[in-house]
Amino acid sequence: MSACASCMRRSWLLAELSGPLECCARDRARLLELLRLSDAELVKAVGGRRSAELRARYGAFEAGELPREDGVEAICRHRRGYPDGLRSASAPPMLNVAGTAKRLASLATAPVVAIVGSASASDYGMETARGLARGLAASGVTVAASLTDGITVAAHMGALEAGGASIAVMGGGLGGSCPARRRALYARVTRCGCAVCELPLDHGGRRWGQLASERIVVALARLVVVVEADESPADLFGARIALALGRSLAAVPGRVSSPLSCGTHALLMEGASLVRGPQDVLELLHLPGTPARDRTAPAPARAAIGGCGGLEPRLKGTLERVGSGCDTPDKLTHAGAEPSDVLLALSELELMGLLARGDGGRYVPRHPLPS
Amino acid sequence: MLARAHAFTIEDLHTRHVTVEVDVRAGLPAFAIVGLADATVREARERIQAAILNSGFDFPARRITANLAPGDVRKVGPGLDLALACALLAASGQLPREALERMALYGELGLDGSVRAVRGTLAVAQAARRAGMSGLALAGGHAREATLIDGLRVAVVEHLRSAVRVLSGGPPDALPERRHAEAEERRTHVARQLDQRDLAPGAPEPDLSDVRGQRHAVRAIVIAAAGAHNLLLSGPPGTGKTMLAQRLPSILPPMSTAEAIEVTRIHSLTGARVEQLVARRPFRAPHHSITAAGLVGGASRGWVGEVVLANHGVLFLDELSEFSRSTLEALRQPLEDGRVAIARARHSALYPARFMLVAATNPCPCGYAGDGERCSCSEADMARHRRRLSGPLLDRIDLLASLGRERERDTRASAPICSEQARERVAGARERQVARLSDEGVTVNAQMDARMLRAHVKLEERGERMLAAACRQGLLSARGEHRVLRVAQTIADLNGSERVRAHDVGAALAMRPDVSLARSRAA
């Protein structure tokens with residue numbers, strides 16, 4: 001599998017126009033519009049003084065000009081196996097794929113769920129995204145997300161924990177644009193999943209590329225789940241693209257008082273589906289084998305507790321109290337328990353994988369691994 | 001004619017016996033001091049000449065040679081003035097020579113003949129006793145320090161004339177009143193830094209009951225005190241990390257006499273004025289701009305670092321992540337061995353430095369991670385913060401106490417624990433540890449190594465299962481397991497139980513330090 005020269009030329013052109021596009025990226029809507037333009041229109045729109053030069057080089061372009069790397073394949077929309085979601089005008093015509101193109105094809109044919117959200121998420125958001133991805137990956141759903149900070153990282157971690165595969169969409173040229181602190185995660189993702197990018201491999205990655213990658217994430221997916229986003233355009237960008245592309249949108253609620261979740265709450269008000277756990281997502285995907293929505297079914301949080309059959313009442317009580325906001329040893333003690341009992345219960349629950357340590361000495365409930 | 005006197009010089013934290021020999025013979029008038037004397041000692045020539053003449057004695061206009069033996073020890077400081085002057089007087093026949101045999105002399109001379117106090121008096125008195133001296137003559141300023149040593153006659157001499165009188169069998173001057181508020185005090189830079197509360201026994205001590213709420217952290221600090229565990233306090237600004245740490249000395253068991261003398265000696269050598277044995281354990285809280293040399297010492301000869309001043313006490317590092325990496329690295333040896341070996345181009349020294357490390361840090365650079373939703377740090381900020389904290393230092397910390405913001409209602413609901421109660425529990429736990437570990441050559445749980453842990457920690461089965469599960473799940477490394485075991489043993493000691501119960505293991509697990517304090521799950 002390889003890409004045809006005309007599609008690769010688009011990738012080259014975008015890299016050449018990286019500077020002007022970076023200026024345009026201040027206005028996200030305009031950036032999306034620009035990316036939808038044809039090559040000639042794009043040069044006309046942002047080429048400026050370099051238009052003539054670019055046109056000349058565009059005419060003389062040869063596919064060999066673009067750098068290659070071992071283990072990275074290029075694939076374009078004119079080849080079989082190109083993800084169906086990327087056949088619209090706004091999506092890139094070609095992708096560089098680390099992990100094989102074949103694997104990308106098989107991952108993209110499974111139902112894909114995009115997980116988007118804030119780059120500076122709270123521990124609640126991180127744990128939720130992680131649990132969600134873990135549950136989805138275990139159920140055979142492909143998780144797609146960019147690989148920056150916050151929620152997206154938690155999503156990939158979760159998918160990996162369940163032994164599942166995820167698709168990471170990079171904002172620059174694959175590994176080269178990956179920040180050092182994400183190298184290890186990038187390597188793990190490409191080992192069993194894929195990393196893709198639309199820019200040439202030697203592109204260092206800029207902000208506009210990061211934004212543009214968001215549209216690929218959303219385009220790949222059938223359903224977009226927003227986990228923790230505030231009302232800033234940056235956090236809600238994924239949701240806006242989903243609406244524009246007509247993808248179904250779901251959101252995970254947080255505490256109503258939490259400013260970090262007010263974006264997701266606004267989406268829920270606007271009609272996004274409410275997601276409490278992986279089960280809700282599977283139902284939204286109408287996956288065969290999942291029961292139709294049953295209003296009387298227990299909420300996932302309770303199901304999780306009940307699901308860990310035979311949990312002692314004291315542990316169950318502690319877990320419930322942590323879930324309802326008494327999440328530090330001090331708060332639990334004030335709620336009337338012996339300090340040593342509290343610490344024992346917290347440690348036991350952590351060992352069972354039902355609690356994780358959060359920021360500042362708090363404990364966060366975890367979704368147990370689906371058995 | 002030849003005369004001999006005994007004096008002492010200070011070498012780092014030790015004192016060396018110096019025999020001062022003065023020979024007066026016919027020849028061109030000259031005064032030479034030989035025997036590896038540094039500038040302060042060589043300057044003594046001028047002081048001594050002026051002091052002798054101004055005191056009404058005769059300065060022989062002959063060839064005077066003073067030798068400081070042993071010749072290979074570097075002599076520093078003005079403490080040899082008095083011995084030199086008296087030996088000279090004896091050599092010129094103005095003083096009986098045999099009087100100098102049993103009486104050590106230690107003091108600096110003024111041009112008028114007055115005797116001034118010199119730092120390190122306590123150490124000198126100790127050394128004089130060891131050298132078999134029956135008495136020590138010194139200035140009144142630091143004389144009370146010397147009286148702390150039993151079996152040594154302390155003769156106060158405020159003037160060269162008094163010294164001659166004492167050596168001729170007369171009475172000494174009166175011991176000065178205890179600490180009067182005189183402004184004149186010759187103190188070194190370090191002495192000025194020394195925490196006054198350590199030296200003034202009358203000042204009220206901060207009490208643990210001043211802390212409202214934060215029961216979890218208070219528990220942790222009691223456990224840390226009981227097992228001498230190093231402790232990390234983590235929490236948003238203003239939750240009382242510093243306040244808690246300052247109250248740690250108040251719940252530590254009192255120092256033994258040997259420890260107290262060692263601490264007092266170090267204080268005395270750094271120039272502080274000591275009137276009685278330091279009763280309180282030292283509490284040192286250096287600012288985070290401190291350099292490695294400031295922390296462990298060795299900037300110049302005889303300069304001791306904060307870790308040495310914190311010996312037998314508490315070293316508190318506030319804002320741990322702000323300390324420079326090299327400074328924190330320098331703490332590794334003292335934390336491991338309880339001493340610092342300083343090697344510089346021209347000297348090397350070994351200092352005692354057995355202290356409890358208490359560190360405080362914010363959970364993230366802005367300080368508010370996990371506190372409501374106010375944290376404004378990016379992932380990169382967090383990674384940087386974690387990198388600064390992680391590493392060898394955190395490996396030596398057994399306990400992590402997280403402090404959270406508390407509601408007014410909660411803080412008022414809980415009855416505070418006072419230092420006295422806590423101190424009793426700590427003392428009980430320490431006794432149990434000493435009884436158990438007496439054969440091992442260590443006294444506290446924090447010093448137990450892997451072999452001692454295997455030999456002495458009796459785990460209940462359920463606790464054992466929990467530990468095994470934690471290791472299996474990757475929550476604990478092998479070293480982490482040892483730390484949890486040590487802390488669990490201390491908790492059991494605090495509760496007075498023979499075996500380590502699951503409750504103790506649970507609490508130790510809940511207080512285990514994480515290299516990453518916040519948002520660890522992401523990286």
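Below, chain A is the first sequence line, B the second, and so on; all start at residue 1. It should be emphasised that the depicted structure is a prediction, and the values quoted were computed from it without experimental measurement.
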Are the side chains of [Y] and [X] in contact, using a 4.5 Å heavy-atom criterion?
X	Y	answer
B:Arg215	A:Thr333	no
A:Arg357	B:Leu400	yes
B:Met511	A:Leu343	yes
B:Gln473	A:Met352	no

Practice task
Identify the heavy atoms of B:Gly506 and A:Ser347 that sit nearest to each other, and give their distance.
Solution key: O-OG, 2.5 Å
Measure [X] against the heavy atoms of chain A and call it side chain, backbone, both or neither at under 4.5 Å.
X	result
B:Arg462	side chain
B:Arg501	neither
B:Leu509	both

Handout entry: Residues B:Arg465, A:Glu348: salt bridge by 4.0 Å N-O rule
Key = no
Exercise for the section: Report, as yes or no, whether the 6.0 Å neighbourhood of atom CD on A:Glu22 holds more than 12 heavy atoms from other residues, nucleotides or ligands. Expected result: yes
Proximity breakdown for [X] and chain B, heavy-atom pairs closer than 4.5 Å:
X	value
A:Leu346	neither
A:Thr328	neither
A:Asp341	both

Practice task
Carefully, step by step, assess B:His216 and A:Leu332 under the rule side chain to side chain contact (heavy atoms under 4.5 Å, CB included).
Solution key: CA-CA 10 Å; B:His216 182 62; A:Leu332 286 164; over 6 Å; no
Handout entry: Contact winner vs chain A - B:His503, B:Met466, B:Arg472, heavy-atom pairs under 4.5 Å
Key = B:His503
Practice task
Enter the distance from A:Ser340:OG to B:Asn495:CG here, rounded to the nearest 0.5 Å.
Solution key: 7.5 Å
